[in-house]
Amino acid sequence: MSSVSSEIATNTDGPRQKRWKLNRANGSHKNLGGPARVILITFGIFFLSQILLAPLIVGLIHTILNPNTTLDIEKNIPQQALFILVAEASAAWLAITAVRHRGLSLAAIGLGRRPQVTDLWRAAVGFGVFYFFLIIAGLFINAFWPTLTDQQQDIGFNNITNETQNILAFISLVLIPPVGEEILVRGYLYSGLRMVWRFWPALLVTSLLFGAAHLEFGSSSALVWGAAVDTFILSIVLVFLRERSGALYAGMLVHMLNNLIAFGVHFK
């Protein structure tokens, strides 16, 4: 499959489909590399931002501002908030840097235009579709695998004591992750795969990897399969929004709304 025909210039068959637009330098045909490269770089960015940069920067700032106190990201609310901010910001920055390194504009990952009013109604429809399929999946799981929903996901911020800390938790869990994760996953990862693959393979691999990334250990040290299933379904809807709108903004809004509901349930 040539890079000209497979590079996101599909979806021209019907009036409801959108053609993805990439800025090309001097008319050359560019992409983000082969699927293996895109996936490896995505994992590299994830681990670099979460495991190296965020702990390093949080620790450095803590040493400068509070040299006589103990660093405890798991229990300290401001440190947790700073960790999430640094991790998501560095993931977005690294993804954007990788795109520019390949000679592509930000349009290649869905950041080529400003948010539009149409993004709002697309997000509203997408959110409704997501929760419809989430309910269907929940009924199916409860019927055939009821223990799957018993384990609670540990999202941190477990010792909030005042309103300021609650606001920090809200910003850190509801507003920041959807921006960083959409730029990295539906932006860099999906766009890179979509440039060389057809829609469905790119959607499935992106969503499986996104769901697997949320298959973490919960509050009782058991894998939270429910969170992986939820995020897999969420990713499918977000990829559809990315494909149809040509941008990330509607997906970011749906992601934020989902996190808002999860935040309200967790901190009720």
Side-chain angles (χ1 to χ4, degrees), residues 1-22 29-43 45-46 95 98-99 102 104 107-112 118-119 122-141 178 181-215 225-255 258:
M1 184 181 296
S2 68
S3 61
V4 179
S5 61
S6 61
E7 175 191 270
I8 318 183
T10 57
N11 291 343
T12 57
D13 298 331
R16 297 180 62 186
Q17 294 179 317
K18 297 292 184 180
R19 176 181 299 177
W20 287 30
K21 296 180 180 178
L22 290 176
H29 304 132
K30 301 179 180 179
N31 57 38
L32 294 175
R37 174 190 172 93
V38 171
I39 292 172
L40 286 174
I41 289 179
T42 300
F43 274 102
I45 290 174
F46 176 79
V99 172
R102 298 289 293 185
L104 294 168
I109 59 170
L111 294 173
T118 55
D119 293 318
R122 286 182 185 274
V125 172
F127 187 72
V129 170
F130 165 60
Y131 261 84
F132 171 78
F133 283 106
L134 193 63
I135 291 171
I136 298 298
L139 293 174
F140 181 84
I141 290 171
E181 290 180 4
E182 290 312 303
I183 291 175
L184 177 60
V185 181
R186 259 64 56 178
Y188 181 82
L189 175 60
Y190 172 72
S191 300
L193 296 178
R194 187 67 172 93
M195 289 175 188
V196 293
W197 282 352
R198 294 184 181 275
F199 172 67
W200 284 106
L203 175 146
L204 289 174
V205 171
T206 299
S207 300
L208 284 171
L209 291 176
F210 187 64
H214 290 79
L215 185 60
W225 289 95
V229 172
D230 291 352
T231 50
F232 173 76
I233 297 171
L234 175 63
S235 180
I236 290 177
V237 174
L238 298 180
V239 167
F240 266 99
L241 290 172
R242 166 74 177 106
E243 178 83 9
R244 290 302 182 92
S245 69
L248 296 175
Y249 307 116
M252 287 179 180
L253 288 174
V254 171
H255 202 152
N258 177 63

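These numbers come from the heavy atoms of this one structure, side chains and all, not from hydrogens, waters or symmetry mates. Along the sequence shown, residues are numbered consecutively beginning with 1.
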S.K.: Let's go through Val237 and Phe133 carefully: what are the C-alpha distance in whole Å and the side-chain angles of both, what is the deciding distance for side-chain contact (heavy atoms from CB on, under 4.5 Å) to 0.1 Å, and is it a yes or a no?
M.R.: CA-CA 10 Å; Val237 174; Phe133 283 106; 5.5 Å; no
S.K.: Measuring only between side-chain heavy atoms, which start at C-beta, is Leu111 closer than 4.5 Å to Tyr249?
M.R.: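 Leu111 vs Tyr249: side chains touch.
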S.K.: If every non-hydrogen atom of Val38 is compared with every non-hydrogen atom of Leu193, which pair is closest and at what distance?
M.R.: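 Heavy atoms of Val38 and Leu193 come nearest at CG1-N, 4.3 Å.
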S.K.: Testing the basics here: between Tyr188 and Ala98, what is the closest heavy-atom pair and its distance to 0.1 Å?
M.R.: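 Heavy atoms of Tyr188 and Ala98 come nearest at CE1-CB, 3.8 Å.
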S.K.: Please report the interatomic distance CG(Leu253) to CD(Glu182), rounded to the nearest 0.5 Å.
M.R.: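 Taking CG in Leu253 and CD in Glu182, the distance rounds to 10.0 Å.
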S.K.: Got Leu238 and Val185 here, is their nearest side-chain heavy-atom distance under 4.5 Å?
M.R.: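 A side-chain contact is absent here, since even the closest heavy-atom pair is not under 4.5 Å.
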S.K.: Do Arg186 and Ser235 have side-chain N/O donor and acceptor atoms under 3.5 Å apart?
M.R.: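 Yes, Ser235 and Arg186 have a side-chain donor paired with an acceptor closer than 3.5 Å.
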S.K.: Of all heavy-atom pairs between Asp119 and Ala250, which one has the smallest distance, and what is that distance?
M.R.: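 That closest heavy-atom pairing would be O-CB, 3.6 Å.
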S.K.: For the atom pair CD1 (Ile135) and CZ (Phe130), what is the distance rounded to the nearest 0.5 Å?
M.R.: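 One finds 10.0 Å between CD1 of Ile135 and CZ of Phe130.
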S.K.: Measuring only between side-chain heavy atoms, which start at C-beta, is Leu184 closer than 4.5 Å to Leu189?
M.R.: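 Answer no - side chains too far apart.
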S.K.: Which distance, rounded to the nearest 0.5 Å, do you find between the CG of Asp230 and the CG of Leu134?
M.R.: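 With rounding to 0.5 Å, CG (Asp230) is 5.0 Å from CG (Leu134).
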S.K.: Is there a side-chain contact between Leu104 and Ile109 (heavy atoms, below 4.5 Å)?
M.R.: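 When only atoms from C-beta onward are counted, Ile109 and Leu104 do not touch, as no gap falls below 4.5 Å.
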S.K.: When rounded to the nearest 0.5 angstrom, what distance separates OH in Tyr131 from CD1 in Ile233?
M.R.: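 Spacing of OH (Tyr131) from CD1 (Ile233) equals 11.0 Å.
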S.K.: Determine the minimum heavy-atom distance between His214 and Ala227, stating which atoms define it.
M.R.: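 The pair with the smallest heavy-atom distance is O-CB, 3.8 Å.
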S.K.: State whether a side-chain donor-acceptor pair under 3.5 Å links Thr206 with Arg194.
M.R.: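 Absent: no donor and acceptor within the cut-off.
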S.K.: Provide the closest heavy-atom pair for Val239 versus Ser207 in the form atom of the first, atom of the second, distance.
M.R.: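 Result for this residue pair: CG2-OG, 4.3 Å.
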S.K.: Is there side-chain contact between Met195 and Leu32, with at least one heavy-atom pair below 4.5 Å?
M.R.: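 Contact flag for Met195/Leu32 side chains = yes.
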S.K.: Could you list the residues that satisfy ring-ring contact (aromatic ring centres under 6.0 Å, His included) with Phe240, not counting sequence neighbours?
M.R.: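 Counting only residues at least two positions away or on another chain, Phe240 forms a ring-ring contact (aromatic ring centres under 6.0 Å, His included) with Phe199, Trp200.
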S.K.: Return yes if a side-chain donor-acceptor contact under 3.5 Å exists between Glu243 and Tyr190, otherwise no.
M.R.: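 Per modelled atom types, Glu243 and Tyr190 side chains form a pair under 3.5 Å.
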S.K.: Between atom NE2 of His255 and atom CD of Glu181, what is the distance when rounded to the nearest 0.5 Å?
M.R.: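 These two atoms lie 4.5 Å from each other.
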S.K.: Check Phe210 against Thr231 and note the closest heavy-atom contact, atom names and distance.
M.R.: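 Nearest heavy atoms, Phe210 then Thr231: CD2-O, 3.4 Å.
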